[in-house]
Amino acid sequence: MTEKTLKVQKIEDGTVIDHINAGRGLEVVRILGLDQYTGTMALLSNVHSKELGKKDVIKVEHKELDKEDVNKIALVSPRATVNLVKDFEVKKKYKVELPKEVIGILSCTNPACITHTEPVQTRFIVEREDPLQLRCVYCERLQNKLEFK
């Protein structure tokens, strides 16, 4: 019996986000707002990886994501890498880095926080990277659990 392999074609221009923790690809799509993207996008989940065992990969055609946006991925997958592709070749590659401040993508876990009653964007300061610990700038509560909007 021969093994069949599903292959996803290379992209001509765009962004490939690789080494996403297995099963976290959909969260990355939401964090980056790619769930609203109308172009071609591929999400591969639980793909074999020599380094990680399994991983997720996202390919976005004809869209270059800036480093600041992509660094938000570090919240859910700190070992992810980003490849910028032009003419079917990787032109730039970098690892995600956790931003010093996280704005507008997480909810505060404190139900009494002003962010639940007033029209203000949530803002968190990264207190510690490993394990990840964020502090709400409004109520100062430490966040150990991430709640995405």
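- Pairs passing the side-chain hydrogen bond (donor to acceptor under 3.5 Å, both in side chains) check and including a residue from residues 31-49, sequence neighbours excluded, read Ser45-Asp56.
- One finds the CD atom of Glu127 at 9.0 Å from the CD atom of Glu140 (value rounded to the nearest 0.5 Å).
- Scanning all heavy atoms of the two residues, the minimum distance from His19 to Arg79 falls at CB-O, 3.6 Å.
- For Asp13 (side chain) and Asp87 (main-chain N/O), a donor-acceptor pair under 3.5 Å exists by modelled atom type.
- Here the shortest heavy-atom pairing between Thr109 and Lys145 reads CG2-O, 3.8 Å.
- The minimum heavy-atom distance linking Val96 with Ser77 is given by the pair CG2-O, 3.7 Å.
- Arg141 and Gln143 get closest at one heavy-atom pair: O-NE2, 3.3 Å.
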For residues 100-108, which side-chain donor-acceptor pairs fall under 3.5 Å, sequence neighbours excluded?
{"residue": "Glu101", "atom": "OE2", "partner": "Arg123", "partner atom": "NE", "Å": "2.9"}
{"residue": "Glu101", "atom": "OE2", "partner": "Arg123", "partner atom": "NH2", "Å": "2.5"}

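- Placement of Leu84 and Leu32 within a single hydrophobic cluster is found when ILVMFWY residues are connected by side-chain heavy-atom separations under 4.5 Å, directly or transitively.
- Side-chain contact between Glu12 and Val85 is absent, with no heavy atoms from C-beta onward closer than 4.5 Å.
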Next on the checklist: Using the rule given for side chain to side chain contact (heavy atoms under 4.5 Å, CB included), can you reason through Leu132 versus Leu146, listing the C-alpha separation, both sets of side-chain angles and the distance that settles it, and then say yes or no?
Outcome noted: CA-CA 9 Å; Leu132 181 62; Leu146 300 180; 3.9 Å; yes
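- Put simply, the side chain of Thr81 reaches to within 4.5 Å of the side chain of Lys95, judged on heavy atoms.
- Thr15 is not listed as a side-chain neighbour of Lys63, based on a closest heavy-atom distance of 4.5 Å or more.
- Taking the side chain as every heavy atom from C-beta outward, Leu43 and Leu34 never approach each other to under 4.5 Å.
- Note: Lys54 NZ to Leu44 CG = 13.5 Å, rounded to the nearest 0.5 Å.
- Residues Ile58 and Ile20 form a side-chain contact, since some pair of their non-hydrogen atoms from C-beta on lies under 4.5 Å apart.
- Residue Leu134 comes nearest to Phe124 through the heavy atom pair CB-CB, 4.0 Å, listed as atom of the first residue, atom of the second, then distance.
- Counting heavy atoms from C-beta on, the side chains of Asn21 and Val76 never come closer than 4.5 Å.
- In terms of heavy atoms, Gln9 sits closest to Lys59 at O-NZ, 3.4 Å.
- At distances below 3.5 Å, at least one donor-acceptor pair connects side-chain atoms of Asn71 with backbone N or O atoms of Glu97.
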